[in-house]
Amino acid sequence: MKKKLSVLKEAQLFVEKFEGALGKGKGKKFYAYKVMMTKKWMKFQRDFENFKTACIPWEMKIKEIESHFGSSVASYFIFLRWMYGINMILFGLTFGLVMVPEALMGKPYGSLPRKTVPRAEEASAMNFATLWDFSGFAQYSVLFYGYYNNQRTIGWLKFRMPLSYFLVGVGTIGYSFMIVIRTMARNANEDGGGDDTSFNFSWKMFTSWDYLIGNPETADNKFASITTSFKEAIVEEQESRKEENIHLTRFLRVLANFLALCTLAGSGYLIFFVVRRSQKFALEGLENYGWWERNEVNMVMSLLGMFCPTLFDVISSLENYHPRIALRWQLGRIFALFLGNLYTFIIALMDEINLKLEEEKIVKYNMSIWEANLYNGTIPENSTAPPIQVDPADVPRGPCWETMVGQEFVRLTVSDTMTTYITILIGDFLRAVFVRFFNYCWCWDLEYGFPSYSEFDISGNVLGLIFNQGMIWMGSFYAPCLPAINVFRLHTSMYLQCWAVMCCNVPQERVFKASRSNNFYMAMLLFILFLSTLPAVYTIVSIPPSFDCGPFSGKTRMFEVISETLEHDFPSWFGKVFGYASNPGLILPFILLMVTILFLEWSKAKILKIDKEKKKKKERRKIQGKMRQNREKSICRLIIYCLHQ
Amino acid sequence: MGNKQTVFTPEQLDAYQDCTFFTRKEILRLFYRYRDLAPQLVPLDYTDKPDVTLPYELIGSMPELKDNPFRQRIAEVFSENGDGNMTLDDFLDMFSVLSEMAPRDLKAYYAFKIYDFNNDDYICKSDLEKTVNKLTRNELTPEEVSLVCEKVIYEADVDNDGKLSLEDFQHMIIRAPDFLSHYRSPRFPDSF
């Protein structure tokens, strides 16, 4: 500082001597004002950034988990938070545009047969057991498809309910596609940054400590996170240096894959067998069987989902991969397992739908007889007369297959949630309690040997999350309450799992960094999204809606609501234009054009990436060259100086 | 808290403003923080430039520096004779470099001096080892520490002399994404 002050004095004297009145007076004031405004603007920007960061929910929790368990475990929680955001939007759409209008402006409960609990079920409609099973009053409410009336417009706003229902269904799928792809694109951008690895260790060493920390607890967390991050980087480095015996490794890997395939085939056959048995039970009437037989399919699927991943874990220890690659293989195998479960479930559902469609024909026939009996003896058949007042609860109902599908999905989601929570409580919490307290009176060291504390199972949890979301996408068309249930589930999941991780789990032995972007999870999510829209779209397009329930009752196909709207609500020329535009002769060239544009963009991106790599290499070489030049110059100067002496 | 202050002459305040990145108010605030560390040692009147030095223990106990593993090095770098005892000038200097108005090059220069434990104008392997151990509180094994130091030298040493010179260090740190956001001192709350 002393030097600075003396230099300052010299400089001021110099300026006064030579420049005199230059720059004094007017210019100074304006400059000072500019500087003050810049400072104020910077302060505002900083405060706004702080506010924005404070608004992100659960940020402190996740940072704490990251500092203790590493970035891979934290990436699961970040993924969970992102899913929560998407589900909130889906919930907003279904709640605001489907459930609320019907509840406020549609006909109230009890006015129509579809909106009333049938007489036969009335006695048990309010029981907790029935409500937990989503029958009774829960079934005949805005929560499920069957409640909605097929009136074209409702209320004084002339709200077009069937159109809104259809568009919200399509919109949720469209929005989900858009956001998943957009996130993948954004992550791919970050991934392309190669600067990441060129100064990895140096940056960790010199810039990881945050000089802003002023609180001992945060400091502790920061020390823990720095240590973990160093360990992660060291593992990466060691992995890249390892030498291996290639033949033995290859043989072991082939063996492991074979074992995994056997497990998958075994579980597939088991599910197939159980589904067949349940169909047999259904034919013979479910009343003859106990709780296990009734819930056999669900239970077997949940049990397989609990034990097979552990089996895959054991198999993967044969393979000796880098932990990140082992995680991907693990994810792939569990993915295949869950996929088998999912499609078995869908096949079972399709069988039931076909059964219900058959039943519907019989019910329609019976209804005509019943109506005839009502009018019997009072009025001759072919004269118009006021309809007899019948209590809606007494009207015979068709089996509403859409509500049945919605109920199945809701039940599956609820049982899935229960299974997850119970697994966490028993598998993690009780195990930790047991190890901690029984260690004193046990023959071997529980904490180091079997069973010890559990590690956080990233792959199982991520896949559970992704498949749960797939269920939601499949079922939300038939049960508008599903996104709401999912939002609630994710919210409680976040708190429960954060607590469980900090309380009962230990960090993994080999800490490694998750792939910088979460693109692997995103790719799986995209795939599941695609697979879950297939059954939904198939049912919309090819199965006729029920005749007496839901907003599309009476139509031959659900998508007819679109053509009906075009006819009635838009001017006639619009319909003509639409007709021309939907001509296959126009659509096929359009598709070809899109494919060519996609291919062009992809090759452009590839070329840009290669260019970037080349430029970086050139720069590094230039700097090395400059350093060498500088050194040579200074050596020359030194030699010349010595020669002069 | 009006415009009348009796701690510094107006020329002194202007000189401080020119030599640091602070405004009048901030300089006065910092003076009062400095004084709060030892009110009996620091006079309220600096117009005659008293020669007052606070020992390192007091500086190191400030809440902003207390948890920083490098606080001793920071105090040594900014103190006049390198022993960690700071005058008010050194104190202002230190926080000026750590403030957010300071440019990258200046921070990089001082960061280099902080990590150069043996003051030989090069960051050699022993300096790196000390840095790593301070950062991880000695939780890494010696092999891991050694691996990390080798990797750092491999990555950042452009002139291949086995240690980092100022140019190597600057070249490496200027590109770091977190550099500016982590090398900052917290803003001081109003202490009066």
Side-chain angles (χ1 to χ4, degrees), chain A residues 1-9 11-12 35-36 38-39 42-43 46 49 193 195-220 222-231 233-235 237-238 241 620 623-624 626-628 630-631, chain B residues 15-16 18-20 23 63-70 74 78 80 87-93 96 98 100-101 111 115 128 131-132 134-137 139-140 144 147-152 154-156 158-160 164 167-169 171-173 175-179 181-186:
Chain A
M1 174 67 99
K2 273 210 180 109
K3 235 195 320 185
K4 271 200 254 190
L5 286 167
S6 59
V7 169
L8 178 69
K9 250 195 224 98
Q12 277 173 337
V35 166
M36 189 191 72
T38 326
K39 280 204 180 142
M42 268 174 55
K43 179 178 187 312
R46 201 189 329 116
E49 282 298 322
D195 257 359
D196 194 35
T197 50
S198 46
F199 289 116
N200 200 11
F201 277 91
S202 316
W203 287 345
K204 275 203 210 306
M205 183 177 294
F206 294 118
T207 61
S208 52
W209 180 261
D210 190 352
Y211 281 52
L212 280 172
I213 290 178
N215 146 347
E217 214 180 281
T218 323
D220 280 340
K222 193 67 186 176
F223 279 120
S225 94
I226 291 178
T227 312
T228 316
S229 139
F230 269 116
K231 290 205 169 136
I234 290 174
V235 164
E237 187 57 31
Q238 282 172 336
R241 286 184 182 183
R620 191 163 181 150
I623 292 186
Q624 276 183 326
K626 229 191 263 178
M627 295 249 149
R628 216 176 299 132
N630 277 342
R631 205 145 23 109
Chain B
Y16 277 139
D18 284 330
C19 291
T20 66
T23 61
E64 289 83 1
L65 291 179
K66 186 162 52 81
D67 297 303
N68 194 325
F70 298 109
I74 296 176
F78 285 101
E80 251 181 76
T87 66
L88 177 65
D89 286 353
D90 302 329
F91 191 78
L92 285 174
D93 220 1
S96 163
L98 286 177
E100 60 217 5
M101 278 86 68
Y115 294 120
L128 292 173
T131 311
V132 173
K134 272 208 198 300
L135 272 177
T136 59
R137 287 205 282 213
E139 280 204 27
L140 293 182
E144 289 173 338
L147 175 68
V148 170
C149 297
E150 275 166 28
K151 278 298 289 184
V152 171
Y154 172 74
E155 283 171 2
V158 183
D159 51 11
N160 281 325
L164 300 184
E167 289 84 34
D168 297 333
F169 185 79
H171 173 243
M172 175 268 294
I173 206 110
R175 289 138 207 273
D178 287 333
F179 176 53
S181 57
H182 280 180
Y183 274 76
R184 268 193 304 168
S185 66

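Note on naming: letters A, B, ... go to the chains in the order of the sequence lines (proteins, then strands), and numbering restarts at 1 for each one.
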>> Please enumerate all residues that pass ring pair (Phe, Tyr, Trp, His ring centres under 6.0 Å) together with B:Phe169, with sequence neighbours excluded.
In response: A:Phe206, B:Phe112

Check each atom of [X] against the heavy atoms of chain A and say whether the ones under 4.5 Å are side chain, backbone, both or neither.
{"X": "B:Thr20", "answer": "side chain"}
{"X": "B:Ile74", "answer": "side chain"}
{"X": "B:Phe78", "answer": "neither"}

Just give me the residue among [options] that pairs up with chain A most often, heavy atom to heavy atom, under 4.5 Å.
{"options": "B:Pro69, B:Ala111, B:Ala156", "value": "B:Pro69"}
{"options": "B:Asp89, B:Asn160, B:Asp168, B:Thr131", "value": "B:Asp89"}
{"options": "B:Asp90, B:Thr87, B:Leu140", "value": "B:Leu140"}
{"options": "B:Val132, B:Leu147, B:Leu92", "value": "B:Leu147"}

> Considering residues at least two apart in sequence or located in another chain, which fulfil the side-chain contact (heavy atoms from CB on, under 4.5 Å) criterion with A:Met42?
Replying inline: none

Nearest heavy-atom pair of [X] and [Y]: which atoms, and what distance?
{"X": "B:Val148", "Y": "A:Phe230", "value": "CG1-CE2, 3.6 Å"}
{"X": "B:Arg137", "Y": "A:Phe223", "value": "CZ-CD1, 3.2 Å"}
{"X": "A:Lys204", "Y": "B:Leu135", "value": "O-CD1, 4.2 Å"}

>> What verdict does the side-chain hydrogen bond (donor to acceptor under 3.5 Å, both in side chains) test give for B:Glu139 and A:Thr227, after you've listed the backbone C-alpha separation in whole Å, the side-chain angles of each residue and the deciding distance to 0.1 Å?
In response: CA-CA 7 Å; B:Glu139 280 204 27; A:Thr227 312; 4.8 Å; no

